[in-house]
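In what follows, a structure is listed as structure tokens, so that the remarks can point back to it.
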Amino acid sequence: MPHCSPLHSRPPIRFFCSIPSGSRTACLIAVLGLGSHTLASAQNTATPTTQTSDSQRAKPELVDPATLPELPEVQQLRDALTKNTPELARPAERADLDVFGKAIDWTLRHGEIRTVPQREALQRVAKRGLERLTAAAAGQTPWVSQSGRHVLGYRSEVDESIQPYALSIPAGYTPDSSDRWPLEVVLHGRDNDLNEIKFIDTHDGKAVKNPPAHFRLEVFGRTNNAYRWAGEADVFEAMRDVERRFRIDDQRVNLWGFSMGGAGAWHLGVHHPDKWASVGAGAGFADTITYQKLKEPVESPRRELLRIYDAVDYAGNAGLVPLIGYGGSEDPQLAAAQTMQKAAREAGFEIPVLVGPGVAHKWHPDSQKEFEAFHEKYRQTGRRRYRLAPRVQFVTWTVKYPEADWLRVIRQEFPYVRSTIDARIVAEKDLVEVTTSNIAILGVDRQAGDSISIDGGEPLPLRNAAEGLLPDVYFELRANGWKQLEYKASRDVEINDMRHKHHRLQGPIDDAFTQPFIHVTGSGRPWSSAHEDHAKWSLERSRNEFDKWLRGQPPLTVDNRVSDEVLMDKNLILWGDPGSNSIIARIVDQLPIAWTKEKITVGGKEYSTTNHTVALIVPNPLNSLRYVVINSGHTFHEPDFRGSNAQLYPRLGDLAIIRFTQKADNSYAEEVMENTILDSRWRLPTTNADTEK
């Protein structure tokens, strides 16, 4: 038999695997699309299963990096991009041209063109960029008007960078047609050599055997981050760009990936279950503790912060989207799919798991066909369109992921504690019955029923509640039970009064870098020169790591140049102290710490500013719709980016005190003295209640 569990004809076989689920895969296969278009890569830095001796292995010829900027194609493209601003007819965009220049700039600056084959790829990409510019100057845009695979670009809202994606346009698509087309979203596996040049050279203009009869989006994902943080934003920004330019049916969007892409598919599938017609994950990890072999018990708050991304904690959402897993019988990562299957089954749902007999970290052809058929089925039917789902069961651990069909978790009682919803539409009574846990404010689509009963309480108005002016009706848990909020109170919830954590303002520090942000340095005299030196070093580290590993150069400004527009539109990443940075000085009295020239005080503990700094995220007191972060970039660093995409989880919560010691090379050793998740009201927790519940 080609696999161990058919999808529909009979119940899936229960699997028992003796291979440790945390073992690193040894193969370098990652599938970038169905059928024949496969590329070698893996979830982590890995070694091939077959060892080759040095004498057998052909060593690629190296190139001199100093010669690369002088290549004629590179010079011509850079010059042409500077001088040419052709008018482009929609759906073409300027980013479709600039993506070639961005690819060259990043790969050269980071020394990523090292061998002759890589140089040849650089030259091919430069030539394709010149060809595209020539066509644009003649008023032609074949990359958005002809069927085939093309690399397009968009400008990210996160950091204003140009990012690529590959799009296969199906034969028969005509922009003037009113038809809407399905979209297949594909997540690639880890490839330690992946950059913009390799991505463009792999995809743009390349033929696909058995081309899809629908649009296929192959995501760049800012290279190798398991589609987390800005990588997660890239998936949805690329999707929005495709949907904005082409006639896409947003109810027929399928998602899948293999290896790191499989991990991304588990993650995006169960965290955003109302986005997809179906989701498939091949050989992708779902549990950081198991996969990384972390020693239990994992200390707080790191244990709570792992709840943000670990897909296994959200497996209860399997009832909201059709999911399928795959793994080779000889692949340790089969255990990840089985773990998801087990967790979903415990919640009352079934995730079918295909097993490729006799194969390791790759597709078995028969399993792959069944995997394709699964998605094709749901591609044809799509998601429910015209009536609300009669039952919704949803789980989340953070309001970063609050939505389930016609319900939203607006606020939790305790962050990173399991929140659940079990909601039924009782049609004959025109009533909604809801059972909840760890939810402080619940949002409900008013079309679900005439009234609603929450946690066994008396029915409250729904369809005509709050003057009927907002799409959702909000219900707040009070000491005496649930209360429906009227229009003004509902509006206050939506605009946020800074006193509560809610969606897009829930932390931790790393979350600020998934939204538009800008670094802000100080123009004044620092209170502590030692503190200022460490802040400058930390800023440089943050910008360099983001540039290299997340493929963007975030904007940078000085405190006295922050305009009202910037204040309204961006998260402010502030560097320095209240003496050097005037914006820190303006808000310091509204922070959950005390800060003087000599010391920083947190919860009664004092730390000298000569060798301590604070890393902090809170809603910006000057604009409650945005974050402010003080003295921190991402809380994981270069060794984590190099080591494994599974290591890109937060090391700090919302507030930390860090002791720094300058080393002989002028870098710093850092020791975390305090590391705290602020409570649901952005306050220092008075006890450990939030994390113990």
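Below, all heavy atoms of this structure are taken into account, side chains as well, without hydrogens, waters or symmetry copies. Just so you know, these numbers come straight off a predicted model, no measurement behind them.
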Is there a donor-acceptor contact under 3.5 Å from the side chain of [X] to the main chain of [Y]?
{"X": "Asn581", "Y": "Leu574", "result": "no"}
{"X": "Tyr627", "Y": "Gln506", "result": "yes"}
{"X": "Ser680", "Y": "Glu413", "result": "yes"}
{"X": "Asn571", "Y": "Ala512", "result": "yes"}
{"X": "Asp577", "Y": "Ser528", "result": "yes"}
{"X": "Thr435", "Y": "Asp455", "result": "no"}
{"X": "Asp241", "Y": "Glu237", "result": "no"}
{"X": "Asp511", "Y": "Pro508", "result": "no"}
{"X": "Lys102", "Y": "Ile162", "result": "yes"}
{"X": "Asn225", "Y": "Arg222", "result": "yes"}

(message) Exactly one of Tyr165, Tyr227, Tyr154 should register a side chain to side chain donor-acceptor pair (under 3.5 Å) with Asp234. Which one does?
(response)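 For Asp234, the side chain to side chain donor-acceptor pair (under 3.5 Å) check succeeds only for Tyr154.
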
(message) Between Ser300 and Glu304, does the side chain to side chain donor-acceptor pair (under 3.5 Å) criterion hold? Intermediate values first, please.
(response) CA-CA 6 Å; Ser300 182; Glu304 290 76 34; 2.8 Å; yes

Residue pair [X] / [Y]: nearest heavy atoms and the distance that separates them:
{"X": "Pro273", "Y": "Val321", "result": "O-CB, 3.5 Å"}
{"X": "Asn317", "Y": "Gln393", "result": "OD1-O, 4.0 Å"}
{"X": "Tyr668", "Y": "Ala530", "result": "OH-O, 4.4 Å"}

(message) Within the structure provided, determine whether Thr398 and Arg307 are in side-chain contact (heavy-atom separation under 4.5 Å).
(response)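 No, every pair of side-chain atoms sits at 4.5 Å or beyond.
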
Would you call [X]-[Y] a salt bridge at under 4.0 Å N-O?
{"X": "Asp422", "Y": "Arg391", "value": "yes"}
{"X": "Glu160", "Y": "Arg155", "value": "no"}
{"X": "Arg302", "Y": "Glu299", "value": "yes"}
{"X": "Glu476", "Y": "Lys483", "value": "no"}
{"X": "Asp547", "Y": "Arg543", "value": "no"}
{"X": "Arg525", "Y": "Glu532", "value": "no"}
{"X": "Asp654", "Y": "Lys501", "value": "yes"}

(request) Determine, stepwise, if the pair Ile593 / Thr601 fulfils side chain to side chain contact (heavy atoms under 4.5 Å, CB included). (result) CA-CA 6 Å; Ile593 60 172; Thr601 305; over 6 Å; no

(request) Any pair with a residue in residues 441-490 that passes ring-ring contact (aromatic ring centres under 6.0 Å, His included), sequence neighbours left out, goes on the list, sorted by first then second residue, please. (result)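 Every pair satisfying ring-ring contact (aromatic ring centres under 6.0 Å, His included) with a residue in residues 441-490: there are none.
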
(request) Report the relative orientation of the aromatic rings in Trp527 and Trp595; use parallel for angles under 30°, tilted for 30 to 60°, perpendicular for over 60°. (result)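 Perpendicular, since the angle between the ring planes exceeds 60°.
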
(request) Mind telling me whether His534 and Trp537 have parallel, tilted or perpendicular rings, with 30° and 60° as the class edges? (result)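 Because their plane-to-plane angle lies in the 30° to 60° range, the rings of Trp537 and His534 count as tilted.
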
Any side-chain donor-acceptor pair under 3.5 Å between [X] and [Y]?
{"X": "Ser419", "Y": "Gln412", "answer": "yes"}
{"X": "His531", "Y": "Thr613", "answer": "yes"}
{"X": "Arg504", "Y": "Thr514", "answer": "no"}

(request) Assess whether side chain to side chain contact (heavy atoms under 4.5 Å, CB included) is satisfied between Ile657 and Lys605, documenting all intermediate values. (result) CA-CA 10 Å; Ile657 297 294; Lys605 297 181 181 179; over 6 Å; no

(message) For Glu232 and Lys400: C-alpha separation, side-chain torsions, deciding distance, then whether side chain to side chain contact (heavy atoms under 4.5 Å, CB included) applies.
(response) CA-CA 12 Å; Glu232 178 176 2; Lys400 180 178 176 67; 4.2 Å; yes

Quick one: list whatever passes side chain to side chain contact (heavy atoms under 4.5 Å, CB included) with [X], sequence neighbours left out.
{"X": "Met568", "value": "Asn623"}
{"X": "His271", "value": "His267, Tyr314, Tyr401"}
{"X": "Asn675", "value": "Pro301, Leu652, Ala656, Val672"}

(request) Output all residues satisfying side-chain hydrogen bond (donor to acceptor under 3.5 Å, both in side chains) with Thr420, sequence neighbours left out; order by chain, then residue number. (result)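 Testing Thr420 for side-chain hydrogen bond (donor to acceptor under 3.5 Å, both in side chains), a comparison that skips the adjacent residues, returns Ser437.
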
(request) Could you list the residues that satisfy salt bridge (charged side-chain N to carboxylate O under 4.0 Å, His left out) with Arg383, not counting sequence neighbours? (result)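 Applying salt bridge (charged side-chain N to carboxylate O under 4.0 Å, His left out) to Arg383 gives none.
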
(request) Please assess Tyr649 against Trp229 for the test ring-ring contact (aromatic ring centres under 6.0 Å, His included), listing each intermediate value before the final yes or no. (result) CA-CA 9 Å; Tyr649 55 84; Trp229 313 114; 9.9 Å; no

(message) Ring of Trp575, cation from Lys536 - is the NZ or CZ under 6.0 Å from the centre and inside 45° of the axis?
(response)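 Pair Lys536/Trp575 does not count as cation-pi.
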
